[in-house]
Structures are given as structure tokens and as C-alpha cells.
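Notes follow the structure.
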Amino acid sequence: MELFSPSQKYQLLVYHADSLFHDKEYRNAVSKYTMALQQKKALSKTSKVRPSTGNAATTPQSQCLPSEIEVKYKMAECYTMLKQDKDAIAILDGIPSRQRTPKINMMLANLYKKAGQERSSVTSYKEVLRQCPLALDAILGLLSLSVKGAEVASMTINVIQSIPNLDWLSVWIKAYAFVHTGDNTRAINTICSLEKKSLLRDNVDLLGSLADLYFRAGDNKNSILKFEQAQMLDPYLIKGMDVYGYLLAREGRLEDVENLGCRLFNISDQHAEPWVVSGCHSFYSKRYSRALYLGAKAIQLNSNSVQALLLKGAALRNMGRVQEAIIHFREAIRLAPCRLDCYEGLIECYLASNSIREAMVMANNVYKTLGANAQTLTLLATVCLEDPVTQEKAKTLLDKALTQRPDYIKAVVKKAELLSREQKYEDGIALLRNALANQSDCVLHRILGDFLVAVNEYQEAMDQYSIALSLDPNDQKSLEGMQKMEKEESPTDATQEEDVDDMEGSGEEGDLEGSDSEAAQWADQEQWFGMQ
């Protein structure tokens, strides 16, 4: 005599599998879900053979049985956690189209997209919108697959007209259509117009998107400002904080980066962002092996994290592992074809390995694809500067970039580099003073210091190096500039000699020492994370 009826066995197997899923024993969970489906199949056959037996008693129980479709969805979830996407697609594909719920179509759409099956992905996203016209993630999915904004908007028009206070949605779709075509300026303007509406004022999601767009447009100051606003409104915000941490690290605000990393880890260590932020702190502290480890951990948690791929790629490049770095930058480009920093990383790798031809081809492709703006002009000029034959072309490109955006720091730095080669120090000083009139940047202050040393303006050069170090205490080139200047100063001024002695005794270089020994400890852990 059996202890449990067939339907009870099915229920228990599903409950057991659910428990294993929550304990993260995904392989075991898949095994139990499979057994449950087999039991359900046997149960269905039995009910067909004996339709009248115990009908009144079994009907209420059969209505309470876990859905077979839900079990298959949970199996697919297990497979995605195990990174067996093909198996996840296979199990969901086995569900007849008419029986697929919106969440099943959504999972299928995301899996198809990840696998590069764009047509199937578009079909699944459209099916989600047919069932749920306000599914914003499905809208974003379609826009990311180059479906035109007008077509996506037409799928939501009926619900927009039938529900009050929903007129903002068509503008929202238009804004994100600009985002996914790489038209950052129009995307920023459209989102700003949305943000002014009372319904969407102080919307954290919009502020995060706006911050990301400013970052893509190279406007780091406004990007940081918007990230700070979003963070104040939602102290538990994780999305986008990896980019925010990277921007803070670039500005030399390493203490703020460390605090941000600690705060994010307190919220959750199961997202890529906290690991990327900590990795940025390590990278800008010159601890590249540790940054590599943290980047790899972030990728483990989210293989689609562009910022994690860029972090790991940059760490590999700085450790001399250029070919491995190239693989990571290419994957970042695949995931985010409209982000210029992905191309910049790859081009830097080509230049580091003296592959100037490949760098030139890539820079030209970016220029044609993303359009002629200050960023793409500067990127192309950067490659042109590497070849003596294309120096004049570089100069023309940089002049165009600075005409469009006189405050674009990367263009100013490259133009200063060109003027330094030509020994036009006075022109360089005028360029840098003009750029620093409305902003303060460590690199610009340091380069201005170098130019002032070249024209024997030692005291002002010292001031510029000091400002640079106040903005980024870890900037080694500013320290080196100070030391070089001390050697070139006239020894007759006793006061100057005393100042030099004081600086030599300050030990400011100490923070930059000892990083190799710590990095070696992390290097031992690379194989554990599958690093090559």
C-alpha cells in the first residue's frame, strides 16, 4: 500500500525541487523537477484510463496541483543559473506558444538575445507586449534590437489612449529609441523634458539613465551630479553605481570610491556593481592583479556587465596581457556597441601592441558609425598621432573637436601633446589655461605644470603640480614632475632649498610603494576564477 497518492507524490517532488532551488542546489533541483514532470505524465495517463474513479474526491486536489508550465519555467531558471542557456531555451521552447505566459516569453526573449538569435528574440518581446502593453523591459528589449521607436510605440498606443496620465510613455519610448541609436544629445534633451513633468520628477530610473547618457557623451561632471541625485533619492540603489564608482576613481576620489564599495556590499554582494567599484579602487591604486580578480568575480555574477569587462580588460592590458585584454574589450563592444569607452579600450590595446593599422581601421569605423562628434574626432586623432605621416590630420581633427567642445578634456590633452612635440609651449599654456577656466582636472593641471617648467616658470609650475596632487594624491606623474623641477631649480635661493628639503622628507611617494607584493597575493587566485 502506497503512503502517498500519485498526485501527492507530484506535489512533494515539486516542493522538494523548490527547496533545492532556494538553497542554490540547481543541478539537484533540475533532477527533482524532471522526476516531478515524469510523475505528472504518469498521473495524466492514469486519469485518462480511469476517468470516473474517485472523481469527486480528486477534482479539488487536482486543481491545487502545481502547474506543469510553472515547473518547466523553474527548470529553465535553474539552467540559466548554471549558465546552460541552450538547455533553458530547449525546455521553454517545448511549451506550446498558446500556453506561454508573459514571464516565459520574457525569459525566452532574453535568452534568444543573449544567444544572438535576434529575430526569435524580437518575436518573443512582441508577444510579451501583446499580452502586457506596459511591459517596459520588453519595450527596451525591442529598442535594443534596432526595432524602430515608432513601431514599438504603435504596440502601446491603445493602452496609452485608454488610461489617464499615461501620455508620458510615448515620449519615454522616443527617448530610449535615441539612447539605443547612440544619439546621446537628443536622448538627454528628451529625458530632461520628461524629468520636468510632475509625474516623473525625481524618478530614480530616469536620473540613472540621464547620468549614464552624460557619461557616454563625455560630460563626467554632469554624470556624477545625476548619479549623486539618484543615490540621495534611493540609498539602496545599485544599478549604474559601477559607472559612478569608475568616474569617482578617475577623478582620484579613492576614499569616496572605497566608501561607495562598502555601502554597496552592505546592500548585496550578489550583484556585479560592488565588485566593479572595489576593482576600480584597486586599479587606480595601481594594484592591477587585485583589480583583475575583482573584475573576474563581477563577470561571474553578471556576464553582461560591460563595466566589469572593461575593468578586467584594462587590468590585463596594464599587466602586459594585451591579447587577453582584446578579447574582453571585443565582448564589451558586442554588448554595448554605442559606448565609445569600449572602443577606446580596444584601440589602446592595438596601440600598445604596435598594431597601428588595426587601430586606424577601428577608429575610422567608430567615426563612421557613431558620427563626427568631439569624442570620435579625438579618438581618431589619438591614432593619427601615433604615425608621423598623419600628424597634420591629427591636428585638424583635434581642432574640429575643440571647436565643437572647447572643454572636452581628452581633446585638450591630445592637442597639448601635439604642441609639446612641436615645442610650442606658450600655445600649450594658453590652451590649458583656457580649458581650466571653467573646470578643474588633475591631468590638465599636471600638463600645465610640465609646460610651465619648459618655459622656466618654476614657482607656478609647483603650484600646478600641487593642485593636481590635491585632486588626485596618487598621480605619480605629478610627483615625478615636482622631483624633476627640484633638480632644475636654481640652488642659490636658500628659501627654495629649504622648501625642497621639506618636500623630500614628506614621503608622499610612500602610498604608491608596496603595491606589487599585495598584487602577487591576488595573482595566485587568478586560476580559481578561470583566468588565462
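Numbers for residues simply follow the sequence, beginning at 1. The model shown is predicted, which means the values in this text are computed figures rather than measured ones.
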Worksheet item: Any salt bridge between Arg201 and Glu195, counting N to O under 4.0 Å?
Response: no
Practice prompt. Check step by step if salt bridge (Lys or Arg N to Asp or Glu O under 4.0 Å) holds for Arg433 and Glu460.
Written response: CA-CA 12 Å; Arg433 287 194 198 283; Glu460 194 179 351; 2.7 Å; yes
Worksheet entry | Side-chain ion pair, Arg216 and Asp212, N-O less than 4.0 Å | yes
Worksheet item: Looking only at heavy atoms, what is the nearest atom pair of Gly240 and Glu273, with distance?
Response: N-OE2, 4.3 Å
Worksheet item: Does the pair Lys410 and Glu344 meet the rule for a salt bridge (Lys or Arg N to Asp or Glu O under 4.0 Å), with working shown?
Response: CA-CA 12 Å; Lys410 288 182 181 179; Glu344 286 175 337; 2.8 Å; yes
Discussion item. Parallel, tilted or perpendicular, judged at 30° and 60°: which one describes the rings of Tyr244 and Phe227?
Written reply: tilted
Fill in: Ser303 to Leu335 - nearest heavy-atom pair and separation
O-CD1, 4.0 Å
Worksheet, complete the sentence: Heavy-atom nearest pair, Thr376 first then Gly371, reads OG1-O, 2.6 Å
Practice prompt. Answer whether the closest heavy-atom distance between the side chains of Leu397 and Thr378 falls below 4.5 Å.
Written response: no
Worksheet item: Would you say the side-chain atoms of Tyr465 and Asp450 include a donor-acceptor pair closer than 3.5 Å?
Response: yes
Discussion item. Just so I know, are the side chains of Phe178 and Thr185 near enough to count as touching, which here means a heavy-atom distance under 4.5 Å?
Written reply: no
Worksheet item: Under 3.5 Å, is there a donor-acceptor pair linking the side chains of Tyr125 and Asn110?
Response: yes
Item to complete: Please name the pair of heavy atoms, one in Gly313 and one in His328, separated by the smallest distance, quoted to 0.1 Å.
Response: CA-CB, 4.0 Å
Discussion item. Taking the side chain as everything from C-beta on, heavy atoms only, tell me whether Ser146 gets closer than 4.5 Å to His180.
Written reply: no
Worksheet item: Any Lys/Arg nitrogen of Lys424 or Asp427 sitting under 4.0 Å from an Asp/Glu carboxylate oxygen of the other?
Response: no
Fill in: Close side-chain approach of Leu129 and Leu142, heavy atoms under 4.5 Å
yes
Worksheet item: If we only count heavy atoms from C-beta on, is the Phe329 to Leu309 side-chain gap below 4.5 Å?
Response: no
Fill in: Heavy-atom pair of closest approach, residues Ser278 and Phe265
OG-CE1, 3.2 Å
Worksheet entry | Option from Ser440, Ser478, Ser466 for which side chain to side chain donor-acceptor pair (under 3.5 Å) with His445 holds | Ser440
Discussion item. Can you tell me if Asn438 has over 12 outside heavy atoms packed within less than 6.0 Å of its CG?
Written reply: no
Fill in: Ser209-Tyr176 side chain donor-acceptor pair, cut-off 3.5 Å
yes
Worksheet item: Would you say the side chains of Asp256 and Asn259 form a donor-acceptor pair under 3.5 Å?
Response: no
Discussion item. Does this structure show an ion pair linking Glu228 with Arg253, if we count only N-O contacts that are shorter than 4.0 Å?
Written reply: yes
Under 3.5 Å donor-acceptor pairs involving side-chain atoms of residues 412-419, not counting sequence neighbours:
unit_1: Lys414; atom_1: NZ; unit_2: Glu417; atom_2: OE1; d: 3.2
unit_1: Lys415; atom_1: NZ; unit_2: Asp399; atom_2: OD1; d: 2.9
unit_1: Glu417; atom_1: OE2; unit_2: Arg421; atom_2: NH2; d: 2.9

Item to complete: Could you walk me through whether Val243 and Leu247 pass side chain to side chain contact (heavy atoms under 4.5 Å, CB included), step by step?
Response: CA-CA 6 Å; Val243 174; Leu247 289 171; 4.3 Å; yes
Worksheet item: Relative to each other, are the rings of Trp172 and Trp168 parallel, tilted or perpendicular (30° and 60° limits)?
Response: perpendicular
Worksheet item: Looking at Ile163, Ile139, Thr156, Ile160, which hits side chain to side chain contact (heavy atoms under 4.5 Å, CB included) with Leu134?
Response: Ile163
Item to complete: Would you tell me whether Arg263 and Gln231 have side-chain atoms, one donor and one acceptor, within less than 3.5 Å of each other?
Response: yes
Practice prompt. For the residue pair Gln439 and Lys221, establish whether any side-chain heavy-atom pair is separated by less than 4.5 Å.
Written response: no
Worksheet entry | Closest non-hydrogen atom pair, Ser144 against Lys113 | OG-NZ, 2.8 Å
Worksheet item: Are Glu392 and Lys395 ion-paired here, with the side-chain N under 4.0 Å from a carboxylate O?
Response: no
Item to complete: Hey, could you give me the OH/CE distance between Tyr350 and Met362, rounded to the nearest 0.5 Å?
Response: 5.0 Å
Worksheet entry | Any His271 side-chain heavy atom under 4.5 Å of Pro274 side chain | yes
Worksheet item: Can you list the steps and then say if Leu431 with Leu402 is a side chain to side chain contact (heavy atoms under 4.5 Å, CB included)?
Response: CA-CA 10 Å; Leu431 171 75; Leu402 288 168; 4.1 Å; yes
Item to complete: Could you go through the salt bridge (Lys or Arg N to Asp or Glu O under 4.0 Å) check for Glu151 and Lys148 one step at a time?
Response: CA-CA 5 Å; Glu151 184 183 346; Lys148 293 192 183 303; over 6 Å; no
